[in-house]
Amino acid sequence: MREPKVNIEAPGHLISVTVNGSTRQHVVDDRLTLADFLRERLRLTGTHLGCEHGVCGACTVIVDGASVRSCLMLAVQVDGCDVETVEGLSGEGELNPLQQAFKKNYALQCGFCTPGFLMTLTAALREGPIKDEAEARDVLSGNICRCTGYTGLVQAVLDASKETQA
Amino acid sequence: MKPGKFVYHAPRELDEALAMLHEYGDEAKVLAGGQSLMPMLNFRLAQIDHLIDINRIEAELTEINWAADTVAIPALVRQRHVERSAQVAERLPILTEALGQVAHPQIRNRGTICGSLAHADPAAELPSVMSVLDATFTVASARGTRTIPVADFFQFHLTTAMEPDELLLRVRINLPGPGTLSVFREFATRRGDFALAGVAAQCQLDTAGMVTACRIAAAGVSSTPQRLEQVEDMLIGQRLADDVLRDAESLARDAVDPTGDIHASAAYRKRLTGVLLRRALADVRTQREVSHA
Amino acid sequence: MSEVAAKSMIGAGIERREDDRLLTGHGRYLDDLELPGALSAAFLRSTYAHANVLSIDADAARELPGVVAVFTGEDLAEIQKPLAPKVMHPQLIDYPRLPMPPKAVHYVGEPIAIVVAESRYVAEDALELIEVDYEELPAVGSTAAALRPGGPMAHEGAETNVAVKLSQKAGDADKAIRAAPHTLTGEFFVTRGGGHSMETRAVAARFDLTTEQLIVWDTTQSPHYARQQLSVIYGMAEDDIRIIAPPDVGGGFGPKAQFYGEEVVIPWVAKLLERPVKWVEDRSENFVSAMMERSQTHRIEVAFDDDGRLIAVRDFVEHDQGAYCAGLQVPSITTSTVPGPYHVPNIYVELLACYTNMVPTSSVRGAGRPQAVFAMERMIDRIAEYLDLDPALVRERNLIQADEFPYEVGITFRDGSPLTYDSGDFPALLSGTLERLEYARTRAWQAEQRERGRMIGIGLAVYVEGCGLGPYEGAKIRLTNKGRILVTLAAAGQGQGYETVYAQIASDALGLNMDHIYVTTGDTSKIPFGQGTFASRITATAGPAVFQAAQQMRERLLDTASILLGCHPAEISFIGDRACRDGDVEKSKTLLELAQVANVGKHGITLPKGVQAGLETSSYFAPARAAYASGAHAAVVEVDPDTGGITVLRYIIGHDCGTVINPRLVDGQVIGGFAHGIGNAMYEEAAYDSDAQPQAASYLDYSLVSATEVPSVELFHIQTPSPLNPLGVKGAGEGGTIPAPAAIANAIEDALRPLGARINRAPVTPARIVDAIQDAAVVDQPA
Amino acid sequence: MLIENSFQVAADPDQVFDFLQDANNVVACMPGAELVEDLGNDSYRGKVKIKIGPVTAAYTGTATITQRDAGERVAILLAEGRDTKGNGSAKATATMRVSAGADGVGSAVLLHTDLSVSGRLAQFGRSVMADVSNRMVGEMATRVRDTIEAAHQVPTDSGAATADGNPPGAAPATTTAPAARPPAGDDAIKASSIAWSVLAGVFRRLFARLRGRDVSA
């Protein structure tokens, strides 16, 4: 017979993580999610929490080159990783081609889901062009937008794909 | 929707991880991709005291190991990696095909093959695929390693034959011989959803188009992936003619006893299993026609 | 910067001003606010659908380190006052909806205690330590159960679960039906669905001890309504409560227009604790506490002549009001939406709003209209089938014609005025839709494909949408001391692009380039009165208000400039930010200069003769009555009878919302609404079991549509300007949603016609299609 | 949710009914369940732990035999429990009927259970809960049979599961429930439930103190 094991003392973990190119060191609690770490500790509030169970995609960020749900990762897991968030997409105040394509095609309304879409697409477009509407819809299907009906998003993906592959 | 408290461990060595599992047993959970466990922790459906993250283990757990007639997929191989492997597409096309239907790329980027199998959701794609591939599961604990055949591995919803102190080290698959044809078919309400039902089928056909061997498993219609042995028996020695397909459909429909829920009635799931099987077998037939064309 | 004043910004599809910050991660949503020292709150919610709360033991939770306070309903007795229904009825049997009821709970998810802690993580830990002793009571899990004789009551001691009976009457439907050559009946059920804005609800508050003012940040669609409610409940002056809807709100769709217990509890707790407190609803909570809508059963009977011309419609409706009445707007709108765009000489609609033990219902994008359109449009198809006529023809024969406006339907709309369609051209909408569909060719193709075994179906749905409701909306316009035009709206936006649209409208009225105009919204301290964003009303109410206030401002600017330039106002025009005499920039005053003279002034020095101090105008626009937008949808679908899989092959929308201010944004509203409609048609279902336990409490079970489920849409507009406002505008936010379930269900039933399967329920899911095919097969078997 | 279960026991119906009248016996056969206190008047305080993969729920509550008829060999048990973390509750009314077995050999036990679950587990996968409940009842039936048969040491032809050399708990031959899992899982359930064997309130406070030492995140 054993007493239930419970957390006696959580000293926290020192992590070192590169976020949008700059290295940050923080002590984080065991259970702090990556999304909350970015939002609360680094105050990078562009990453949004829409469902916290990995369906809506609003919290999508890029970790070591791959798009992931930041609500389904712990902050302590990104120790030593390279994390990219929406705040890192455009330098010098200019919108990057993907962001411009979003704006031009009315691919956003309330904007809450937008950072997740941008990060998903950023990772996807690095892998190669997105050729047609069907492929665009497939790439978009891991993120939910309640406002636009996706028409603008599809067009933005196709435009950005042309632009970035040109 | 914040997880309850737990102590996070990130062992660097497999032995260290196994020692922790040995110590904490039922109060610990292994974190690989986390794409099933983390939502449960966030919902506080799962509450654990120790989370053992195996992602930092420096042993060779991230590479697919190819041998002459088997392939082993160790614990940290991500689904996306397998999905994109040209070698997998060539040697195990059913796995590639099924992975393309697992959730969405962001989930597959983190999710591991072994993690999904250890999670043992009967509606998931991979358990039924492993059933037809006749996979064996190598599980490790501080007490040693053992292998479990797929028929024994899946026990119930989210429940496998693994003891609380065991970790799924790798899944090993015998590579299908030449001429083996396989199909994974599922039907889901939305792209990336868990299927209302799914069917994995692998058949060997002789030069005359006669089925000489076959394995069929259904997903989402039982508390584990369900082998459809009655259908397999019936198909052996048959050509995949339309009437045979219809017989297979009705056998499959009768062989499963699913539970109805808010998404679909039990009757629908039974019918759907039959339909998916018929279509899977038709695909097999088409594959053969193409390869013989 | 353009050197020439814009000619007409109304109608221009310009890019949105909001986008740059939203695309770079610099949006300012409520949870992004910096509130130093803020505590996190979490609510304990009932796990029972109906129970008495015997006791709550929160001692262990209070002892948890990191927990600052735990309050039960009893601890906050002073604020346990009813949240009044938004729309009342004299016969309504009302049960008090308390912010955090101390004694009894009436739905799963009802808040019963609040934990305030240093972090949300700790607050949720503490929730698990609170022990509640419930006495479970029988629960009502559907309207059918609510109306079952001898069944349980949603509220203990009640004699009936019927909250109110609403009815509408024109002519004598009973008599007409008795005398009619043909009648058909149908029974249709539309299930519950939610708003599901991607940002959930959230409230943060700070009590300023120095000024004794309460500042509340709230994701509400109706900040002024929230302020008024808080003022009543707290017994505080409205001026001491400032509600700020943050600049960015992640979608509303109706549920955020309602007023909730959490909005009462959070500011009060902040006041008690003298610390800022923030609560951000998580998705789990959202599933069981944000208001929902839709659930209705229609038993409809139509009478018609040999040509399919409608003689009478009689519809008995059961409406799921949920556990409390948050307002009767939805059932009321349903009753007046039934007759739609058709000549119906005899109408009788009777609606029973029923209490159940589920989350209260209120408006969700579409608000009572999709259900009525579903019932009516399905019956039009059934008439066509019965008479072996083309469903498009039956519609054409019954449509109100373009020269019949204003058209009095003979019943009353929810704004209290006679249901009078202001303008429209329904035949043009339908024929435009059919033309784009190449209807005759598509029907021929359908027949041909049917021969080959493909189940193709074509579905049509035409609707009229009451929108642009009163009572009023306001706008203030000011020339700031920096020389820019500031437009202030009471309405709070949820992503509709208010900062862009209202600058466009103001630009036209001012004759000034948009670059000099900016817009703020949703802060009760900036404008004294307002109503809120709901019922597709803002463009038709705030739009004219902005337009009028901007016209006044233009006069004021021209007057001031003309005095300074020594000419007549008519000689002034704007070039860039300069008010120029005779178009000459050498003889001009900049907006900054005008502000310097009329607003800033010179300390102690008299104003130039004739100049009026303070360049500020305001306007409140109160429409005479609601405006009516309209539209026609057509769907072509293919059904796989084996799996029940549905593929939408084509979808066409003809839409008329009067004058279009920004076509790109209107298209976005319509197509976004359409996606919601597709969800209602085929995917979304907030299922409850018979014990009223929610069965779809995550996105694993509640299916929101993604890009792969929403088909491409071919959209066209016709513009019949509303005579009810100077801009001629109507609402645009819901037209995509309203008829989509009807059009899709009509198309599916059309596809299945050879099998005789009936689709009587939305959403239509693959499983239900196959089950319906099986049912039809059983019925068809000879006895 | 209705769960129907029937099984044969190679023992006299009255013996079987007597066995089932003792709450201690029944609870000992129920996976993850234990009795905490006899409250008198056929009423007991107890707890049940359910574990489905990483999902766990622990219920504490009371079980009362509300009706018993030795002549008809019918008993009705009402069990109500609350999740120890406040995430819901479960309530079951179980009607047991023992009759003579087919052809007058041994006994037939009919178990009719009406189960309702509220809260989080009800919201997540009702169909899974149905399977879980079925399985629990099935497992209990198997154990009841095995225990009675072991006690009465009657060689059996109906209890194929014990006769064919399978471990107890595996593959009940005549229950309608899905195949139960091998002993490893049972032990896991048991081990956990023993770990929970502290009165709920006391436990919670202990839990609070231990967990609460560090406030972060």
Side-chain angles (χ1 to χ4, degrees), chain B residues 1-6 35-36 39-45 47 100-101 103-107 121 123-124 185-199 220 245-246 249-250 253 258 260-280 282, chain C residues 40 42 64 66 117 119-125 127-128 191 200 280-287 640-646 678-679 682-689 694-710 763 765-775:
Chain B
M1 289 188 62
K2 307 300 181 190
K5 272 204 167 182
F6 52 75
Q35 302 301 290
S36 300
M40 288 186 162
L41 290 171
N42 287 356
F43 277 122
R44 297 196 181 212
L45 275 170
Q47 298 224 25
Q101 301 176 57
H104 298 282
Q106 300 99 314
I107 298 290
D121 190 317
R185 275 264 191 177
E186 70 173 24
F187 187 81
T189 311
R190 278 176 314 171
R191 175 93 186 80
D193 273 354
F194 277 123
L196 296 174
V199 166
L245 265 51
R246 275 194 298 274
E249 174 179 7
S250 92
R253 188 166 59 211
D261 62 14
I262 58 167
H263 304 293
S265 62
Y268 172 78
R269 284 199 160 92
K270 282 170 82 81
R271 297 188 66 82
L272 183 60
T273 305
V275 167
L276 292 172
L277 176 66
R278 168 164 52 80
R279 292 183 177 181
Chain C
S40 276
L64 186 70
S119 84
R120 174 81 189 196
Y121 287 75
V122 174
E124 289 187 26
D125 292 346
L127 291 183
E128 298 186 337
T191 59
T200 51
V280 179
E281 179 187 58
D282 68 26
R283 190 57 68 180
S284 258
E285 297 181 275
N286 182 265
F287 268 103
D640 176 343
D642 283 348
T643 62
I646 310 155
I678 285 290
M682 299 192 274
Y683 300 97
E684 295 181 33
E685 184 163 4
Y688 279 76
D689 71 6
Q695 298 296 288
S698 79
Y699 288 139
L700 304 173
D701 287 314
Y702 189 93
S703 303
L704 288 185
V705 292
S706 78
T708 39
E709 284 75 51
V710 182
T765 61
R768 292 216 183 91
I769 287 175
V770 173
D771 291 347
I773 293 172
Q774 295 307 310
D775 290 349

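- A 4.5 Å side-chain heavy-atom check between Thr708(C) and Arg190(B) finds every atom pair outside the cut-off.
- Rounded to the nearest 0.5 Å, atoms OG (Ser698(C)) and CG (Asn42(B)) are 12.0 Å apart.
- Heavy-atom distances place both the backbone and the side chain of Glu124(C) under 4.5 Å from chain B.
- Among Val705(C), Thr643(C), Val770(C), the residue with the largest count of heavy-atom pairs under 4.5 Å with chain B is Thr643(C).
- When heavy atoms are compared at a cutoff of 4.5 Å, Ile646(C) does not approach chain B at all.
- Of the atoms belonging to Asp642(C), heavy atoms from both backbone and side chain fall under 4.5 Å from chain B.
- With a threshold of 4.5 angstrom between heavy atoms, Arg269(B) does not approach chain C through any atom at all.
- Minimum heavy-atom separation, Ser265(B) to Ala767(C): N-CB, 4.4 Å.
- Taking OG1 of Thr189(B) as the start and CD of Glu709(C) as the end, the distance is 9.0 Å to the nearest 0.5 Å.
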Report the C-alpha distance between Asp125(C) and Arg44(B) in whole Å, list the side-chain angles of each, state the deciding distance to 0.1 Å, and finish with yes or no for salt bridge (charged side-chain N to carboxylate O under 4.0 Å, His left out). CA-CA 10 Å; Asp125(C) 292 346; Arg44(B) 297 196 181 212; 2.8 Å; yes
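- Here the straight-line distance linking atom CG of Asp701(C) with atom CG of Asp261(B) works out to 7.5 Å at 0.5 Å rounding.
- Between chain B and the residues Leu704(C), Thr765(C), Asp771(C), the largest count of heavy-atom pairs under 4.5 Å involves Leu704(C).
- In this structure, the separation between OG on Ser706(C) and NE2 on His104(B) is 6.0 Å, given to the nearest 0.5 Å.
- Both the backbone and the side chain of Arg191(B) come within contact range of chain C, with heavy atoms under 4.5 Å apart.
- In this structure, the portions of Pro3(B) lying under 4.5 Å from any heavy atom of chain C include both its backbone and its side chain.
- Annotation for Asp640(C) and Arg279(B): closest pair OD2-NH1, 2.7 Å, computed over non-hydrogen atoms.
- A 4.5 Å side-chain heavy-atom check between Ile262(B) and Glu685(C) finds every atom pair outside the cut-off.
- Here the shortest heavy-atom pairing between Gly645(C) and Phe187(B) reads CA-CZ, 3.6 Å.
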